[in-house]
Amino acid sequence: MLACTRIGAVHTVVFAGFSSEALAGRIQDAGCAAVLTCNEGVRGGRVIDLKSTVDAAVRSCPTVRHVFVSQRTDKPAVMGQLDVPLDQVMMSQSPACPAEPLDSEDLLFLLYTSGSTGKPKGIVHTQAGYLLYTSMTHQYVFDYRDGDVFGCVADVGWITGHSYVVYGPLCNGATTVLFESTPVYPNPGRYWETVQRLRISQFYGAPTALRLLLKFDNSWVKKYDRSSLRTLGSVGEPINHEAWHWFHSVVGDGRCPLVDTWWQTETGGVCIAPRPADHGAPIIPAMAMRPFYGVQPVLMGEEGDPLPGNSVSGALCISEPWPGMARSIYGDHQRFVDAYFKPFPGCYFTGDGAFRSEDGHYQITGRMDDVINVSGHRLGTAEIEDALDEHPAVPETAVIGYPHDIKGEVPFAFVVLKEDFGSAPLAVLQELRELVATKIAKYAVPEHFLVVKRLPKTRSGKIMRRILRKVAMETTGDLGDVSTLDDPSVVKEIIEAHELYRKQRGQE
Ligand code: WTA
């Protein structure tokens, strides 16, 4: 990433868990000239064959002129025509490379993220504003001081890794930690052993990992020296109270401020979070609380009007620009305008809902659109539906988010099968799982599949996901207004199918 910025090249980092098709889609959209990969990735005791994923992807990417291959493991990579052995060619290069001067608004990187419709979008971040914003937030949100070792355990393939593993900390001259493993490999003490070994001052991670770790005995935490820790941070999804208190009292021994930080790929850096560096301001558990300097949150009502006063819930918007905000969607500025600035004219719409408490603090209540959050990974349900719909047996599907005690949410798919396939649903469902894994990634594979005859639709043909959510959650006692349904009897049909599904799962 830093080498790219040094020479003025735009980078787009792709999470190593994506399939070759998902990788190809990003390379094509960005028109990449070069791909950098390792021969293999190593994570949590598993080896991931990255080179063959890249090989399969670049076959459909005519813009790629070179594939640079770094040797992460000993296994020799099979080198093709485009491939260049990165470690070898670097040895013949001069270590001096003058930095390319760029304009403050030149592109720094693209990062692909999911929206509620269509393909993942290449969010555009530019040079100066992004760097200013990540370095300022890194300093003030985490109370960073010279000499600290900053430990953000996010994967560099997501925005958290960009802003708080690489750019923010390095702009501030911090020592930053690159964490390659998983929180439970080789055992659930991995994070805290890392804290002890590297004397980490700030530990920044995701609620999904905390929810997993708190199930193990606290001795996995206690046996390591955590006295170097000063600030704890949480990011990526709502943090539940149990996880917040465990993190605060067990990991931080009750002495480290814990900041719940709300932000997005599009915002570049943290936008709402407590600021422990402001002395005397108490932190309310599991609450993002306060806008960062210069960020102006507004809650909008159903009529699109700003809600005044406190104790109100609405659509979370930001009314003034801030330095780290995304500048565009690569190659489709109109989509950028439509997605973020049309719903509430004059404001940036986040897609999230929020509550402003009696004393004016913000609590994020979750997405208002068809984006779900699986283990802190953002996914559009439309992407999963598109993958499922490619199966010849499947005329139609609808995917919703369903709560999961560790992952936060998992995809729940309602699937309509063509009549000829109704007799072999299990085989089809297995094919559907594989289809999602190859089109997107393994983590996008639905945990639940419910085969239904029809989906609930309005008279204008729109799927009423609200009803599907209620069926999945078994809260159909209160279905709300169903008068716009094309055929209300479909609801009973789906409830019955779901009851049968529940019974079958119970027996497994
Ligand atoms: C969710 C990750 C509640 C939210 C940095 C947002 C959160 C989406 C929090 C962005 C939080 C992130 N509390 N929800 N502290 N932080 N989110 O782009 O729904 O991967 O819109 O950026 O994650 O996900 P993204």
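Remember, predicted model here, so these are calculated numbers, not experimental data. Side chains included, hydrogens not; waters and symmetry mates left out as well; all remaining heavy atoms used. We count ligands from 1, going down the list as the structure has it; atoms in each ligand are counted the same way.
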Quiz prompt | H448/H404 aromatic ring centres below 6.0 Å | solution = no

Self-check item: side-chain hydrogen bond (donor to acceptor under 3.5 Å, both in side chains) partners of Y140, counting only residues at least two apart
Solution: none

Exercise. Output all residues satisfying side-chain hydrogen bond (donor to acceptor under 3.5 Å, both in side chains) with H377, sequence neighbours left out; order by chain, then residue number.
Key: none

Practice problem: Could you tell me whether K215 and D405 have a side-chain N and a carboxylate O separated by less than 4.0 Å? | Solution: yes

Quiz item: In chain order, what residues pass the side-chain hydrogen bond (donor to acceptor under 3.5 Å, both in side chains) check against R199, with sequence neighbours excluded?
Solution: D225

Practice problem: Before accepting this row, confirm whether a basic side-chain N of the pair R230/D143 lies closer than 4.0 Å to the acidic partner's carboxylate O. | Solution: yes

Practice problem: Show the protein residues that qualify under the rule heavy atom under 4.0 Å from an atom of ligand 1, listing them in chain and number order. | Solution: I159, T160, V235, G236, E237, P238, D260, T261, W262, W263, Q264, T265, D352, I364, R367, N373, R378

